[in-house]
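First up is the structure itself, then whatever we jot down about it.
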Amino acid sequence: MFYKVLVGNEVQCQMCFRKCIIPEGRRGACRNRENRKGKLYSVVYGRPSAVHIDPVEKEPQYHFLPGSEILCIGTAGCNFRCRHCHNWHLSQRSIEEMAYVYDLMPEKAVEQALKNKIPTMSFTYNEPTSFYEYVYDIAKLAKEKGLRIIWHSNGALNPAPLKELLKYTDGVTIDLKGFSQRAYDNSSAELEPVLRTLKIINKEGKWLEIVNLVIPTINDDLEEIRKMCIWIKENLGVDVPLHFSRFFPAYRLTQLPPTPISTLEKAYEIARKVGLNYVSIGNVPGHKYNSTFCPKCGKKLIHRTHFMVLSNDIEDGKCRFCGQEIPGIWK
Amino acid sequence: MRLFKLASQLFMGAILGIFFLLPHTGSQAGEPSLKEAYFYRKLGDNETQCLMCPRKCLIPEGARGVCRNRENQSGTLFALTYGRPCSIAVEPIEKAPFWHFIPGHKRLCVATVGCNLRCKYCQNWHISQKRVEEVRHYNLSPEEIVEIAKREGVKSICFTFSEPTAFYEYMYDIAKLAKENGLMTSIVSNGFINPEPLRKLTKVLDAVKIDLKGFSEDFYEEVCFGRLEPVLNTLRILKEEGTWVEIVNLIVPPLNDDANEIEKMCEWIKKNLGDEVPLHFIRFFPNYKLTHLPPTPVETLEKAIEIAQGVGLKYVYIGNVPGHKYNFTYCPKCGRCLIKRVVFFLLENNIVNGRCKFCGEKIPGFWGRNLKKSRGGEHAKTREEKNLDFTNCAHNTGLAILAV
Ligand code: SF4
Ligand SMILES: [Zn+2]
Ligand SMILES: [Zn+2]
């Protein structure tokens with residue numbers, strides 16, 4: 001889906017911001033889309049390399065059926081080159097280099113979810129944009145069967161495929177990898193398309209949560225974080241949950257230390273001060289701000305330890321204590 | 001009419017006179033060793049990312065970028081066409097078209113294969129859309145190019161025909177050397193380049209001609225497979241750096257001849273670059289993948305001129321219509337004709353010391369005698385140029401042949 005044919009069997013992929021021009025026999029930057037005789041094929045369709053059952057908190061989605069399970073699917077490939085990637089063995093490899101490749105066509109995948117009574121299917125681990133056709137077909141089918149669909153993405157896909165997929169989407173988690181081109185250079189990518197995506201998801205009224213992985217020296221400038229929070233407030237509103245996530249050395253950034261917890265807490269304070277209602281700290285198990293608090297009465301609404309929900313005081317989408325409405329998908 | 005006849009006679013002469021300056025040395029001279037690319041980064045696992053143009057191609061081992069000129073060999077990115085020009089020609093500067101850049105002087109044109117865009121109407125696709133292996137080329141180092149320029153007695157070296165950004169390293173090294181040797185330098189480019197390499201390049205360039213192919217993202221997207229915004233950014237940077245710029249807008253009906261769009265473009269130019277930037281509306285002739293479209297009606301071009309003048313641009317031209325009155329430069333103050341050109345020949349030049357001979361109005365550009373704008377131009381000859389003998393015109397640009 002989404003490509004143009006040029007002269008001499010060249011094609012231009014229209015899926016993500018890169019718009020790779022791909023000569024015959026080659027693949028795009030995501031390593032998943034191959035030009036065979038002037039037609040662009042997805043080489044990972046129906047061939048996931050990771051299929052797991054996770055808690056929805058791991059996505060992370062904090063305002064989405066708390067404590068429920070999701071069936072997660074990932075393949076090889078990604079259109080980014082994040083030097084800190086935690087899933088590089090999937091995302092930064094081609095399908096031929098995978099330790100596992102399963103044969104799981106969309107019907108079978110949906111069947112798995114139904115059989116295990118999992119209410120939601122999720123596309124995560126690597127970049128769903130890079131296996132879009134597979135995501136799209138599963139999502140369409142799953143919606144027919146009454147399942148919910150969420151995905152976790154870097155958000156750098158183009159408006160047309162985005163809007164098409166949102167038709168069959170309930171919730172999205174977007175990694176906002178910083179708020180400067182410099183931060184995005186660390187991923188060999190660009191900020192602008194991600195902001196465009198955030199606005200579209202918001203406008204289409206789909207549930208959106210944002211993750212900001214704070215990496216020392218790369219994107220931990222507090223002024224930059226403030227600017228990001230203000231942008232979110234002005235463009236998406238104060239009710240979009242924002243997760244500050246802790247970085248641990250990985251892949252090509254092993255020389256950096258883990259993010260100091262104090263940095264995350266400072267970021268938290270900034271975001272709250274700017275006026276964002278739902279801010280949390282992730283990847284720090286047991287931290288107070290793993291939990292969700294009511295923006296009105298300040299009481300703890302969802303008590304989490306890491307990915308585990310210990311208590312939930314949201315009733316009918318409202319704070320049980322003060323009646324404040326809490327946005328999200330609760331049932 | 002008389003001018004027209006003269007022009008076609010001269011043109012026939014030029015065509016018959018086409019010959020290559022040099023024999024193709026091919027492989028017998030030995031292939032030059034590979035040049036490592038400027039402006040790229042290594043990502044690990046032997047992958048590279050080119051940072052030269054807005055595509056920022058991710059190039060795995062063994063592959064090339066979209067321009068077909070930059071290849072990753074074992075994790076190092078190489079400029080494949082460095083020292084391998086496929087076109088070398090001596091031509092009048094008017095043909096670029098540069099019409100405010102020492103009228104009538106001869107330039108040495110240098111090009112290799114390759115381009116980072118995919119315009120459906122490309123006039124030079126036989127070099128721009130080819131790989132280096134597919135086209136015969138010379139082996140010439142930057143030193144040798146500058147030697148040729150001196151031997152041919154040209155005033156400037158111009159990088160043109162294909163996209164110079166695609167052979168940046170070669171262009172940059174030649175331009176730098178040319179400046180050191182008292183030659184002037186110019187490029188004809190689509191402007192699809194990143195700010196950093198562009199700024200570095202402006203240090204060794206005197207004049208830039210940018211193809212502004214349209215004024216909508218849709219046009220760039222659909223017809224050129226590129227983007228408009230980076231090109232506008234290039235124009236802004238050139239203005240900032242004080243580089244002499246002329247803009248060309250090829251009008252291809254019905255794709256980019258919308259009057260509103262042309263007006264918006266003119267307004268953008270006036271606001272961001274000023275009213276003294278020469279703007280050339282060029283007539284399209286069916287070519288490459290757009291052979292089904294008719295040539296641009298001359299009235300469309302004249303309409304565009306009216307729009308540009310209405311917006312207040314002072315120097316607007318019509319190109320690729322030999323003998324048209326908007327091939328001439330007029331004084332924006334007294335309205336007299338300052339420079340008469342027919343096709344690419346200079347017939348009359350009434351600019352003296354950078355001013356209108358009649359009323360003294362200052363005319364922007366490089367004028368040969370008054371070289372204040374030029375940074376390395378003291379070498380330029382001061383005698384009046386009336387250069388009609390250009391039998392050295394080699395390598396057609398498509399444009400020239402069609403104009404006959
Ligand atoms: S210059 Fe060539 S290789 Fe580099 S980004 Fe542009 S098209 Fe890609
Ligand atoms: Zn409350
Ligand atoms: Zn005058």
Crowding at CD, B/Glu196 (>12 non-hydrogen neighbours, <6.0 Å): no
Non-hydrogen side-chain atoms of A/Lys4 and B/Glu222 separated by less than 4.5 Å: yes
Straight-line distance of A/Glu10 CD to B/Arg118 CZ, nearest 0.5 Å: 4.0 Å
Heavy-atom proximity to chain A below 4.5 Å, by part of B/Lys289: side chain
Distance, nearest 0.5 Å, that separates CZ of B/Arg68 from CD1 of A/Ile21: 8.5 Å
Check: B/Glu221 and A/Gln12 side chains under 4.5 Å, non-hydrogen atoms: no
Chain A contact via B/Gln129 - side chain, backbone, both or neither, heavy atoms under 4.5 Å: neither
NZ/A/Lys227: more than 12 non-hydrogen atoms of other groups inside 6.0 Å: no
Residue pair B/Tyr288 / A/Val7, side-chain heavy-atom distance below 4.5 Å: yes
Region of A/Arg31 in contact with chain B, defined by heavy-atom distances below 4.5 Å: side chain
Closest heavy-atom pair and its distance - A/Ser188, B/Gln49: OG-OE1, 2.8 Å
Pairs of heavy atoms under 4.5 Å with chain A: top-ranked of B/Ile59, B/Asp45, B/Val66: B/Asp45
Nearest-0.5 Å distance that lies between atom CG in B/Leu58 and atom CZ in A/Arg81: 5.0 Å
CA sep, side-chain torsions, deciding dist, call: B/Lys56, A/Glu190, side-chain contact (heavy atoms from CB on, under 4.5 Å): CA-CA 10 Å; B/Lys56 296 194 187 163; A/Glu190 268 159 58; 3.8 Å; yes
A/Arg252 side chain to B/Leu43 backbone, donor-acceptor under 3.5 Å: yes
Which atoms of B/Arg64 approach chain A - backbone, side chain, both or neither, heavy atom under 4.5 Å: neither
